Amino acid sequence: MNLQLALLEKAAREERLAHLLLFYGESALHQREVALRLAQILNCSHPTPEGPCQACPSCHKILSGNHPDVLWLKPPKTSLGIEQVLTWQEKVYLKHYEGKYKVSVIEHAESLTLPAANALLKVIEEPPERTVIILSAENAEGILPTILSRAQVVYFPNYSEEVWLEGEEDQLEAVQALELSGKNQNLATAILEHGVSSLQKWVATFRTVVEERDFLKLFLLFPIDKQHASLYLQVMAVQTQEGIQKGIIHPFELLAIGKALDVLRQQVNPRLVIEVLALELFQQGGALCD
């Protein structure tokens, strides 16, 4: 454990933890583990000098995701909207059920819309008693500056590849996910949650559609939601970069995929984004070099 994390745990044991923490970096898994441990330290019934006991009902509930005072907020699609934040806000201001502290973990905090970030800011400025909010993000620059300035910031570097793989049950699938992600552990985790085989099937079908310039086959790719569309496009971008380096894919494909991702983040219909991308690649002569 590095010094910064050791100091966080010490502050939690002494009940001096900042009410707003920002975890950022390329290891979402490590951020989640530390957030869980801090929630346990703050609410453990029988803490030890080394940390939470891991045996009391509170520790078990937190680890299983069933503790009523430990809240997790994740974007349902590609962004966290004001509706989700307002629903969370109501829960935050309720009385504590059984824990000493309410702990809220907001994942992918960089995906907060501006109205959602402003709603969150109101809670940060007037936090309820014994409440800790942990924002988890890949990129700190994506956080609203007025929120960033109020947070204790903690950077999480990547795990080593060996340590990351140790945390996954299916080692073969985890290796495949890591390769598909271009060694991006956050993206690899998202791929595993979605399913490697279904992702590979979708991407392979899209590439077949483009190579054959068969627009009718696009219907095999739908329905699709924004979260899955974003995941597929990110994997395609990784594959395209690798293909460009090998000289088997036109560079314009990477530009087209990047534009599609940008448009998707602007709340455009994901089906429309995929259809426009396919048509653009048709017009440019397909994905593969001649």
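Bear in mind the structure is a predicted one, so any value in this text is a computation, not a measurement. Scope of the values below: all heavy atoms of this structure, side chains included, with no hydrogens, waters or symmetry mates.
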Practice task
Check which hydrophobic residues are tied to I82 through side-chain heavy-atom contacts below 4.5 Å, counting indirect links as well, and list them.
Solution key: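 Besides I82, the cluster holds L86.
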Exercise for the section: State which residues pass ring pair (Phe, Tyr, Trp, His ring centres under 6.0 Å) with Y155; sequence neighbours excluded, sorted by chain then number. Expected result: Y24
Exercise for the section: Tell me, please, which residues at least two apart from S111 pass side-chain hydrogen bond (donor to acceptor under 3.5 Å, both in side chains). Expected result: none
Handout entry: Pair L8-Q152, side chain to side chain contact (heavy atoms under 4.5 Å, CB included): steps then yes or no
Key = CA-CA 10 Å; L8 275 181; Q152 179 178 343; 3.6 Å; yes
Among the clusters formed by ILVMFWY side chains lying less than 4.5 Å apart, do [X] and [Y] turn up in the same one?
| X | Y | answer |
| --- | --- | --- |
| L63 | V105 | yes |
| L272 | W202 | yes |
| L73 | L20 | yes |
| V92 | W72 | no |
| L22 | L5 | no |

Minimal non-hydrogen separation, [X] against [Y], with atom names:
| X | Y | result |
| --- | --- | --- |
| I62 | A39 | CD1-O, 3.4 Å |
| E50 | E9 | O-OE1, 4.4 Å |
| L218 | A278 | CD1-CB, 3.9 Å |
| G81 | T113 | CA-OG1, 3.9 Å |
| R130 | G99 | NH1-O, 4.1 Å |
| F23 | A35 | CE1-N, 4.0 Å |

Exercise for the section: Apply the test side chain to side chain contact (heavy atoms under 4.5 Å, CB included) to residues L178 and K183: give CA-CA distance (whole Å), side-chain angles for both, the deciding distance (0.1 Å), then the verdict. Expected result: CA-CA 5 Å; L178 207 55; K183 306 298 183 181; 4.2 Å; yes
Practice task
Apply the test side chain to side chain contact (heavy atoms under 4.5 Å, CB included) to residues Q54 and R37: give CA-CA distance (whole Å), side-chain angles for both, the deciding distance (0.1 Å), then the verdict.
Solution key: CA-CA 10 Å; Q54 303 289 358; R37 184 169 174 84; 4.1 Å; yes
Could you state the interatomic distance from [atom1] ([X]) to [atom2] ([Y]), rounded to the nearest 0.5 Å?
| X | Y | atom1 | atom2 | value |
| --- | --- | --- | --- | --- |
| R13 | C44 | CZ | SG | 12.0 Å |
| K100 | S58 | NZ | OG | 8.5 Å |
| L71 | Q89 | CG | CD | 12.5 Å |
| H67 | C59 | NE2 | SG | 9.0 Å |
| L17 | L38 | CG | CG | 6.0 Å |
| I274 | L221 | CD1 | CG | 7.5 Å |

Practice task
For K259, look at atom NZ and say whether over 12 heavy atoms of other residues, nucleotides or ligands are found less than 6.0 Å away.
Solution key: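 No.
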Practice task
For E14, look at atom CD and say whether over 12 heavy atoms of other residues, nucleotides or ligands are found less than 6.0 Å away.
Solution key: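 Yes, enclosed.
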In a table with atom names and distances, give each donor-acceptor pair under 3.5 Å that connects a side chain of residues 116-126 to protein atoms at least two apart or in another chain.
unit_1, atom_1, unit_2, atom_2, d
N118, ND2, L114, O, 3.2
E125, OE2, R150, NH2, 3.3

Practice task
With L135 as reference, evaluate I147, L148, L21, V153 under the side-chain contact (heavy atoms from CB on, under 4.5 Å) test and give the passing residue.
Solution key: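 Result for side-chain contact (heavy atoms from CB on, under 4.5 Å) with L135: I147.
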Taking the side chain as every heavy atom from C-beta outward, state whether [X] and [Y] have any pair of such atoms under 4.5 Å apart.
| X | Y | result |
| --- | --- | --- |
| H108 | L80 | no |
| Q84 | P75 | no |
| V203 | L180 | no |
| E98 | K61 | yes |
| Q227 | L231 | no |
| L281 | F252 | yes |
| W88 | I106 | yes |
| L264 | P270 | yes |

Practice task
For E253 and R207, run salt bridge (Lys or Arg N to Asp or Glu O under 4.0 Å): C-alpha distance rounded to whole Å, both residues' side-chain angles, the deciding distance at 0.1 Å, then the answer.
Solution key: CA-CA 11 Å; E253 183 182 342; R207 291 203 175 279; 2.8 Å; yes
Practice task
Tell me, with the steps shown, if L165 and Q171 meet side chain to side chain contact (heavy atoms under 4.5 Å, CB included).
Solution key: CA-CA 7 Å; L165 288 170; Q171 294 288 295; 3.7 Å; yes
Exercise for the section: Verify whether one side chain among Q234 and S230 offers a donor that lies under 3.5 Å from an acceptor in the other. Expected result: yes
Practice task
Kindly indicate, with the supporting measurements, whether the criterion salt bridge (Lys or Arg N to Asp or Glu O under 4.0 Å) is fulfilled by K246 and E242.
Solution key: CA-CA 6 Å; K246 296 175 182 177; E242 294 171 351; 5.5 Å; no
Exercise for the section: For L279, enumerate each residue passing the side chain to side chain contact (heavy atoms under 4.5 Å, CB included) test, keeping only those at least two apart in sequence or located in another chain. Expected result: F215, F282
Exercise for the section: Give a yes or no answer on whether the side chain of D69 reaches the backbone of Y101 with a donor-acceptor pair at less than 3.5 Å. Expected result: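 No, because the side chain of D69 does not come within donor-acceptor range (under 3.5 Å) of the backbone of Y101.
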Using residues 190-199 as the side-chain source, report each donor-acceptor pair under 3.5 Å to any protein atom, sequence neighbours left out, with the distance given to one decimal.
unit_1, atom_1, unit_2, atom_2, d
H194, ND1, H228, NE2, 3.4
H194, NE2, S198, OG, 3.4
H194, NE2, Y232, OH, 3.0
S198, OG, G195, O, 3.1

